[in-house]
Amino acid sequence: MAIFRCCFETQLSDFFEPVVQKCTDPGCCCWCCSALRPRYKRLVDNIFPVNPQDGLIKNNMEKLTFYALSSPEKLDRIGEYLYQKAARDIYRRRNGLVVIAMEAMDQLLLACHAQTLNLFVESFLKMVQKLLESTEPQLQILATQSFVRFANIEEDTPSYHRRYDFFVSKFSAMCHSNHTNRDWCNQIRLAGIRGLQGVVRKTVSDDLVENIWEPVHMDKIMPSLLYNMQNARYPISQPGSPAPHGEEDRQDPPTLAESCMRELVGRASFGHIKSVLRPVLRHLDLHKLWVPNEFAIHAFKIIMFSIQSQYSYTVVETLMAHLDDNSTSSPEIRTSIADVLSKIIAIAAGESVGPSVLEIINSLLNHLRVSVSKLAKAEDSARHKHASKDDSTHEKLYQEALINALGEFANHLPDYQKIEIMMFIMSKVPHSEQDGDVLLQSMLLKSLLKVGTKYQTIQLNQAFPVNFLERLLRMSVGPNPDMRLLVNKIFHTLLDRHLNLEKLLKPTVDVDSLKLTVTKSSRLDAIFIRKHGGDIFLTLYESLELPSNTVENIEAAYTTTALICIELVCEESVCDLLRLIMSIQDLALTSSKLSLHQKYQLHAVVASLLALVPHCVPLSSLQTYADKIIATRIAKAPYLLPPLMRHYDSTTVPAGDVLLDQPQITSCLAEAGLDATQMARPHTGSLQHRHSWVDSGMGGSAAELNSMEVDSVSSSPGVVKKFPEEELTFESLKRILSPENVESRKEADEEKRLRLCETYRSASFTELVQHTQSKGDILNDKLNQLLKGLATKQTLRYLSERRDTERERERDDDRKSEADSEEERDHFDRHSPHSHSRSHSSDHLPPAPQPLYETLFPELFVY
Amino acid sequence: MPKRHFKIQGEPLLYSCYDDVVFIYIQFIMEDYKFLFKVVLVGNAGVGKTCLVRRFTQGLFPPGQGATIGVDFMIKTVEIDGEKVKLQIWDTAGQERFRSITQSYYRSAHALILVYDISCQPTFDCLPDWLREIEEYASNKVLRILVGNKMDREDREIPMHVGEDFAQRHDMYFLETSAKEAENVEKLFMEIAAELMEQARSKELPRYDTNSPTINGRTTSIGDSNCCSKLS
Ligand SMILES: Nc1nc2c(ncn2[C@@H]2O[C@H](COP(=O)(O)OP(=O)(O)O)[C@@H](O)[C@H]2O)c(=O)[nH]1
Ligand SMILES: [Mg+2]
């Protein structure tokens with residue numbers, strides 16, 4: 001029923017030409033009418049050979065070109081005529097002639113002046129379109145080549161009316177060619193990509209010509225490029241390196257598509273980025289290219305490396321938003337997206353400034369928070385056997401990926417921003433200790449640790465701003481052992497300036513073999529340790545008191561102390577450290593809460609630290625002493641030496657010469673010319689309250705002591721007591737508390753401890769409580785007795801004097817730190833030595849009046 | 001020596017009014033058709049979209065060609081009431097993973113042909129999903145045609161009236177076709193062309209872009225090549 005109908009050519013050129021053609025075969029017809037035909041038509045006709053195989057007749061083409069150049073006003077008609085001829089030939093499948101027409105068009109296009117081109121271009125593009133509409137791969141490819149040639153010409157007058165819709169649509173379709181002949185398929189796809197590249201080049205510089213960035217175009221271009229790229233085995237090659245020149249000659253679609261993508265993305269301005277990225281994300285979603293994510297990483301790296309760097313942040317932002325959109329997707333997909341994020345985020349870091357940095361961090365932390373609560377729910381339902389264990393494993397992987405992204409990001413920020421970020425993360429760490437919060441806490445601390453590991457500490461006061469340090473310290477004595485471990489690790493990475501961390505992970509007494517890098521601590525270090533040493537040592541001590549400590553916790557505390565020793569401790573502060581070491585030993589000897597294993601572990605830590613000190617501060621006699629102790633332990637009590645073990649077979653309570661002896665250490669210090677009396681002074685107020693030798697052997701807690709202090713002050717408000725300054729030394733105080741002299745005390749202690757151990761093993765809990773309480777009471781009584789006898793009229797006078805000397809000391813400190821930064825001084829001004837050394841404990845205690853014996857024995861508090 | 005530019009970027013110059021006038025004129029004389037319509041085929045993979053297009057544009061029923069990837073393009077010029085109408089036919093891949101690229105073609109479509117396979121219930125069951133897609137991505141004025149293909153098959157699962165009902169409920173044209181037996185294929189496209197032309201004449205046709213300038217305001221009759229169209 002189909003009928004064929006001929007449509008005769010009726011030219012609108014009725015106006016221009018008197019001749020109406022009825023032509024079915026230009027070959028003959030045009031020949032016979034040629035005399036009547038205008039010159040341009042004859043010139044055009046003459047370029048075609050009788051036999052298409054002979055190709056364009058070069059001489060005649062030159063004539064046509066010359067004519068076109070000399071009469072540019074005819075150019076439009078030449079173009080139109082060539083187009084009409086080609087359209088006919090396409091229909092008749094005389095492809096040879098079509099090719100010739102196109103070639104002629106190309107030559108004219110290149111030969112003609114830009115000014116006159118505009119009129120010609122329209123027919124040129126019509127021709128290209130006509131060829132693209134053909135089903136012949138050969139013609140499509142030919143058309144693309146011509147189009148690309150045209151695209152590379154810069155027209156003086158862009159044509160705002162010209163639209164490239166069709167070209168974008170058609171080239172995109174070609175990019176997906178499914179031709180059964182593999183070779184054709186490849187060629188058509190290559191042509192499609194080249195065509196798209198051409199459109200981009202042609203339009204990109206001027207939105208008015210055609211806004212190539214419109215979603216209607218980008219939604220075609222990006223998937224077409226990606227589709228070709230994803231089919232390659234994408235190379236491991238550095239996507240950062242610019243594509244080699246001459247890539248257009250390369251014959252594989254993936255490479256070409258990639259370089260086209262680079263070019264396109266590189267030209268995107270801020271407003272365009274969303275419309276470039278949206279189809280990319282959709283494509284990756286639909287083609288399920290997130291898991292595994294090699295291609296996604298590849299694609300995003302290309303984008304990151306080609307996008308104008310000031311916008312790279314937007315890519316990160318967009319990917320982050322995509323993570324939001326995928327909040328209900330499987331954890332695998334989220335992990336993969338987060339992983340892509342971590343792979344590209346570093347590239348953005350270099351360019352991100354100001355608020356955008358914290359925005360990124362904040363967003364990552366939010367994802368982390370959401371995931372944590374999701375995990376909590378998942379584990380909850382897993383407990384009720386609703387969900388698989390798998391889910392939570394994947395969720396955890398996702399969290400790791402987020403943290404990695406965070407770390408990667410931070411890694412590429414300048415150090416001052418890392419500090420900011422660490423403080424920012426710290427500010428997000430929940431304070432409470434509820435179940436859900438613990439998870440979040442640990443995630444955030446892990447993030448913090450990640451950032452910390454990327455930070456290169458130079459000045460400790462910069463690495464540890466006061467608020468940050470205080471928060472860290474507080475958390476290092478928190479109830480959760482895992483959290484304490486994390487906090488210690490944060491300390492490790494921030495303290496370790498000389499890359500000793502690896503060597504100090506496990507306690508050891510063989511310090512020589514560690515080959516530690518030790519440099520003399522600087523003035524600023526000394527100031528830092530003077531300001532914060534008290535708090536830090538006290539907290540370390542407190543953290544070791546906790547019965548929930550694992551071997552890892554104890555080792556971590558050792559590492560922290562060892563790093564402080566190496567990084568910070570100088571002659572001035574070595575006493576404090578030795579005091580801490582002695583306190584740890586006392587703790588190991590007397591604690592009623594720690595297990596025997598933990599106590600042995602503490603002894604091993606004590607030995608390791610003692611061995612380390614002479615390597616940091618030149619104290620040869622201490623070295624000798626340490627060697628002696630270690631030798632004794634090797635001989636008598638190897639269980640008091642590292643390595644730390646989870647379980648010890650020994651039940652011996654150490655005593656005698658296997659223990660560190662305080663007077664001997666004091667004399668070692670004295671020998672080195674250090675102020676040995678310092679050794680007899682507690683190094684901080686707070687530590688002194690509780691853990692100096694004074695309370696060795698007694699179970700009273702700080703709270704008891706504090707309340708006692710408050711009581712003793714308030715109970716005798718008006719009583720002014722005599723202050724026997726010359727008599728009251730630390731030793732006298734000690735004597736009052738433990739009547740035996742030092743030597744006999746040791747033996748007595750040993751006995752007492754054996755007894756204690758025995759009691760503790762056999763006695764019931766309530767008995768123990770009573771026991772320790774009664775001990776505390778004895779101490780209270782003794783102290784009360786002592787203090788009542790001490791307070792004198794002079795107290796007030798003394799107090800005011802003391803305040804003066806304190807102020808003097810502050811001024812002195814100020815002078816010393818003149819070289820320091822403003823901030824440094826600020827801290828000095830705000831924190832008197834006492835107030836900041838106590839700021840830690842004052843967090844959970846009401847601001848108590850200054851403890852009585854702190855006011856009474858000021859020399860004990862010399863800072 | 002002719003001035004050539006291979007630079008890619010450059011300052012646009014002002015476009016003169018004169019050039020504009022000349023351009024419009026040239027655009028008119030160069031078109032070999034009066035109307036250009038874009039037709040997009042959608043529907044599940046395997047319902048016979050590609051076969052329908054091939055049957056219409058090439059007059060053949062292709063033996064075992066692979067599934068369409070992304071989008072395919074065909075052109076066909078027909079004559080309706082003595083007017084040349086050029087149909088740009090975009091044949092989309094039915095697979096989900098190509099949805100991002102195929103959807104981008106909906107937007108500029110004048111007509112959307114939604115195809116299902118009368119011998120395959122699932123392809124019919126997916127129609128609401130497809131409608132939702134069309135709703136979201138295509139112009140609301142788009143001409144929508146529901147096509148039940150493979151009517152030659154013996155193992156029909158969807159009775160014709162069911163398809164008809166569905167089409168009516170969703171305000172679509174309806175037709176059953178067989179690409180294999182060339183049943184109703186010409187009719188399908190010709191009716192689309194006729195309907196679109198009707199709409200264009202009454203100026204209801206949305207103007208998606210200026211790539212079809214001939215639709216509007218042409219009075220002069222167009223010169224065309226002696227091209228032959230097969231009409232049903
Ligand atoms: N019997 C029959 N088979 C058809 C018809 N149209 C298409 N097919 C077959 O259906 C299969 C899919 O056709 P195709 O056009 O590729 O479907 P598309 O994925 O929608 O493009 C092919 O095996 C065709 O041979 C038809 O009208 N009748
Ligand atoms: Mg198909």
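Each chain gets a letter, A, B and so on, in the order its sequence line appears, and its residues count up from 1. Since the structure is predicted, the reported quantities are computational estimates derived from the model, not experimental observations.
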Asker: A:Y164 vs A:F150 aromatic rings, parallel, tilted or perpendicular, using cut-offs 30° and 60°?
Answerer: parallel
Asker: Side chain, backbone, both or neither: which part of A:S169 has a non-hydrogen atom closer than 4.5 Å to chain B?
Answerer: both
Asker: If we define contacts as heavy-atom pairs under 4.5 Å, which of B:T57, B:D72, B:V71, B:I75 has the most with chain A?
Answerer: B:I75
Asker: Give, as side chain, backbone, both or neither, the part of B:Q103 having an atom under 4.5 angstrom from any heavy atom of chain A.
Answerer: side chain
Asker: Is it the backbone or the side chain of A:S134 that comes under 4.5 Å from a heavy atom of chain B, or both, or neither?
Answerer: neither
Asker: With salt bridge (charged side-chain N to carboxylate O under 4.0 Å, His left out) as the test, would you mind laying out the steps for A:D219 and A:R282 before giving the verdict?
Answerer: CA-CA 9 Å; A:D219 288 354; A:R282 274 215 78 198; over 6 Å; no
Asker: Main chain of A:N181, side chain of A:H179: is a donor-acceptor contact present, judged purely on distance under 3.5 Å?
Answerer: yes
Asker: Could you check whether B:K150 pairs with B:D117 (Lys NZ or Arg NE/NH1/NH2 to Asp/Glu carboxylate O, under 4.0 Å)?
Answerer: yes
Asker: Given that the side chain runs from C-beta out, which part of B:A67 has a heavy atom under 4.5 Å from chain A: side chain, backbone, both or neither?
Answerer: backbone
Asker: B:Y106 versus chain A, heavy atoms under 4.5 Å apart: side chain, backbone, both or neither?
Answerer: neither
Asker: Which bit of B:T68 comes within less than 4.5 Å of chain A, counting heavy atoms only: side chain, backbone, both or neither?
Answerer: backbone
Asker: Who passes ring pair (Phe, Tyr, Trp, His ring centres under 6.0 Å) against B:Y105, sequence neighbours left out?
Answerer: B:W90
Asker: Does B:F73 have its ring centroid less than 6.0 Å away from the ring centroid of A:F166?
Answerer: yes
